[in-house]
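Below: one structure, written as structure tokens.
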There are 2 protein chains.
Amino acid sequence: MRIYLAGPEVFLPDAIEVGERKKQLCANYGFEGVFPLDAQADLAGISPREAGLRIGQIDENLIRTCQAVIANITPYRGPSADVGTAYEMGFGRALGLIVSAYTNVAEPFTPRTQKFLGVGSDALVDPNGMTIETWDLVDNLMLDSGVIASGGVMIVHNGAPDQLYRDLTGFEQCLAMLKRTPKTR
Amino acid sequence: MRIYLAGPEVFLPDAIEVGERKKQLCANYGFEGVFPLDAQADLAGISPREAGLRIGQIDENLIRTCQAVIANITPYRGPSADVGTAYEMGFGRALGLIVSAYTNVAEPFTPRTQKFLGVGSDALVDPNGMTIETWDLVDNLMLDSGVIASGGVMIVHNGAPDQLYRDLTGFEQCLAMLKRTPKTR
């Protein structure tokens with residue numbers, strides 16, 4: 001089983017090393033990990049815009065070769081997951097892949113959002129009047145819902161603050177659960 | 001053509017009214033707009049968690065009935081789009097839908113991210129050492145790339161600050177472009 005390894009760790013200075021650690025863990029469980037930076041893109045002589053668009057299509061095509069996604073939905077520059085990761089979760093889900101996710105921030109979505117907004121713990125709307133979600137889920141309901149409906153698991157774990165995007169405890173729990181999941185497609 | 005109307009306006013206190021305005025504009029162009037809140041979910045007697053998960057599946061199923069998505073990717077609680085919207089874009093893209101998007105914040109992604117992080121305009125990494133993207137795109141490259149590859153359009157427009165989630169100028173431009181697009185599937 002090939003597993004697409006979605007997450008904002010691609011933005012780390014040591015992204016390649018973190019990807020290699022993830023792929024080794026996959027191998028330990030008998031899976032093949034596919035990291036977004038695996039595919040070598042030929043970006044010579046094209047504009048940054050064209051390069052960005054090309055990388056996006058390479059990653060979409062990598063997801064199409066996989067049977068599962070494990071997404072790192074640790075909050076990224078705000079109270080929610082990285083939007084590229086969210087996009088890839090939806091992409092994988094629509095293709096029928098098993099989509100699992102883990103976060104290294106255990107604080108629930110509602111208080112996390114309230115703290116980000118600087119509003120009190122009784123506030124149910126933000127200063128724009130927009131709802132603060134209270135579904136008792138890990139992030140926006142589309143993410144949780146896609147994971148559960150796909151047959152994946154959602155792992156919540158508190159990572160060390162300086163290792164938020166490198167801690168693979170929850171990632172390995174996703175692998176262990178996937179190992180126990182009957183192949184569903 | 002049925003168009004799924006993705007965006008964080010579902011969190012507005014007047015979400016239903018904004019949805020009705022979007023659907024009327026769709027009708028003006030000969031399309032049928034499908035708003036995430038259209039489907040009546042039977043949430044009686046279930047927990048918030050179960051309700052959230054159910055709504056997510058209802059929305060996935062609504063997307064499956066559509067041939068296009070128009071996503072409001074105006075930055076939401078951070079420098080990027082709402083993650084639920086990003087998920088729905090990826091979901092629609094994987095199904096082969098035409099995915100268009102609009103934002104009511106014209107400031108490019110790179111300075112927008114730098115301002116959110118409180119770093120200077122020459123900073124190319126954040127305080128965690130994580131890359132600040134410089135692809136000259138509107139948001140994370142997966143979003144831009146999915147839109148362009150799907151045959152959709154990306155509309156950038158500056159809305160009034162107090163109408164960021166209600167301004168439909170860019171939305172209507174997406175409709176006008178869609179009207180001129182040959183049916184591609």
Side-chain angles (χ1 to χ4, degrees), chain A residues 8 10-15 47-49 51-57 59-60 63-64 73 76-95 113 116-117 125-126 128-137 139-146 148-149 162 164-165, chain B residues 8 10-15 47-49 51-57 59-60 63-64 73 76-95 113 116-117 125-126 128-137 139-146 148-149 162 164-165:
Chain A
V10 293
F11 301 120
L12 287 169
D14 53 337
S47 67
R49 180 173 185 279
L53 296 177
R54 187 173 297 182
I55 293 167
Q57 288 311 293
D59 288 344
E60 283 190 0
I63 301 172
R64 292 183 198 276
I73 62 165
Y76 184 68
R77 298 179 182 167
S80 279
D82 164 52
V83 294
T85 302
Y87 179 97
E88 293 173 335
M89 291 171 73
F91 193 93
R93 165 65 182 145
L95 296 177
T113 302
F116 171 80
L117 294 166
V125 297
D126 71 14
N128 289 322
M130 297 174 92
T131 302
I132 295 169
E133 289 176 90
T134 54
W135 301 111
D136 191 22
L137 294 171
D139 201 321
N140 178 287
L141 63 84
M142 294 309 299
L143 275 53
D144 286 70
S145 170
I148 302 304
D162 65 343
L164 278 190
Y165 302 103
Chain B
V10 293
F11 301 121
L12 287 169
D14 53 337
S47 68
R49 180 173 185 279
L53 296 177
R54 186 173 298 182
I55 292 168
Q57 288 312 292
D59 287 344
E60 283 190 359
I63 300 173
R64 292 184 199 275
I73 62 164
Y76 185 69
R77 299 179 182 166
S80 280
D82 163 53
V83 294
T85 302
Y87 179 97
E88 293 173 335
M89 292 172 72
F91 194 93
R93 165 66 181 144
L95 296 178
T113 303
F116 171 80
L117 293 166
V125 297
D126 71 14
N128 289 324
M130 298 176 91
T131 302
I132 294 170
E133 289 177 90
T134 54
W135 302 110
D136 191 22
L137 293 171
D139 202 321
N140 179 288
L141 64 83
M142 295 308 298
L143 275 53
D144 286 71
S145 172
I148 301 305
D162 65 345
L164 278 190
Y165 303 103

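FYI, side chains are in, hydrogens and waters are out, and symmetry mates aren't considered; it's all heavy atoms of this structure. Keep in mind the model is a prediction, meaning the values are calculated, not measured. Below, read A as the first sequence line, B as the second, and so on, with proteins coming before strands; counting in each chain starts at 1.
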Contact winner vs chain B - A:G52, A:G92, A:G78, heavy-atom pairs under 4.5 Å: A:G52

Chain A contact via B:L137 - which portion, at a heavy-atom distance below 4.5 Å: side chain

Any heavy-atom pair between the side chains of A:N128 and B:R77 that's under 4.5 Å? no

Under 4.5 Å, counting heavy-atom pairs only, tell me which of A:L117, A:T85, A:I73 racks up the most with chain B. A:L117

Part of B:I148 within contact of chain A (heavy atom distance under 4.5 Å): side chain

Under a 4.5 Å cutoff for heavy-atom pairs, which residue among B:P48, B:P79, B:A149 has the most contacts with chain A? B:P48

Would you compute the distance between atom CZ of B:F91 and atom CG of A:L95 and round it to the nearest 0.5 angstrom? 9.5 Å

Distance from B:S80 atom OG to A:Y87 atom OH, nearest 0.5 Å? 14.5 Å

Turns out that what part of B:I63 lies under 4.5 Å from chain A's heavy atoms comes down to neither

Pairs of heavy atoms under 4.5 Å with chain B: top-ranked of A:Q57, A:M89, A:E133: A:Q57

If you tally heavy-atom pairs under 4.5 Å against chain B, which of A:G146, A:G56, A:S145 wins? A:S145

Set of ring pair (Phe, Tyr, Trp, His ring centres under 6.0 Å) partners for B:Y76, sequence neighbours left out: B:F11, B:Y165

Do you know which of A:D162, A:T134, A:V125, A:D126 has the most heavy-atom pairs under 4.5 Å to chain B? A:D126

Which atoms of B:R64 are under 4.5 Å from chain A, going by heavy atoms: the side chain, the backbone, both sets, or neither? side chain

Rounded to the nearest 0.5 Å, what separates atom CG in B:L53 from atom CG in A:D136? 9.5 Å

Pair listing, salt bridge (charged side-chain N to carboxylate O under 4.0 Å, His left out) test, anchored in residues 82-93 of chain A, at least two apart: A:R93-B:E60

Below 4.5 Å from any heavy atom of chain A, which atoms of B:D14 appear? Answer side chain, backbone, both or neither. neither

What's the shortest heavy-atom distance between A:G129 and B:P13, and which atoms? O-CD, 3.1 Å

Interface check, chain A: of B:N140, B:L141, B:V83, most non-hydrogen pairs under 4.5 Å belong to B:V83

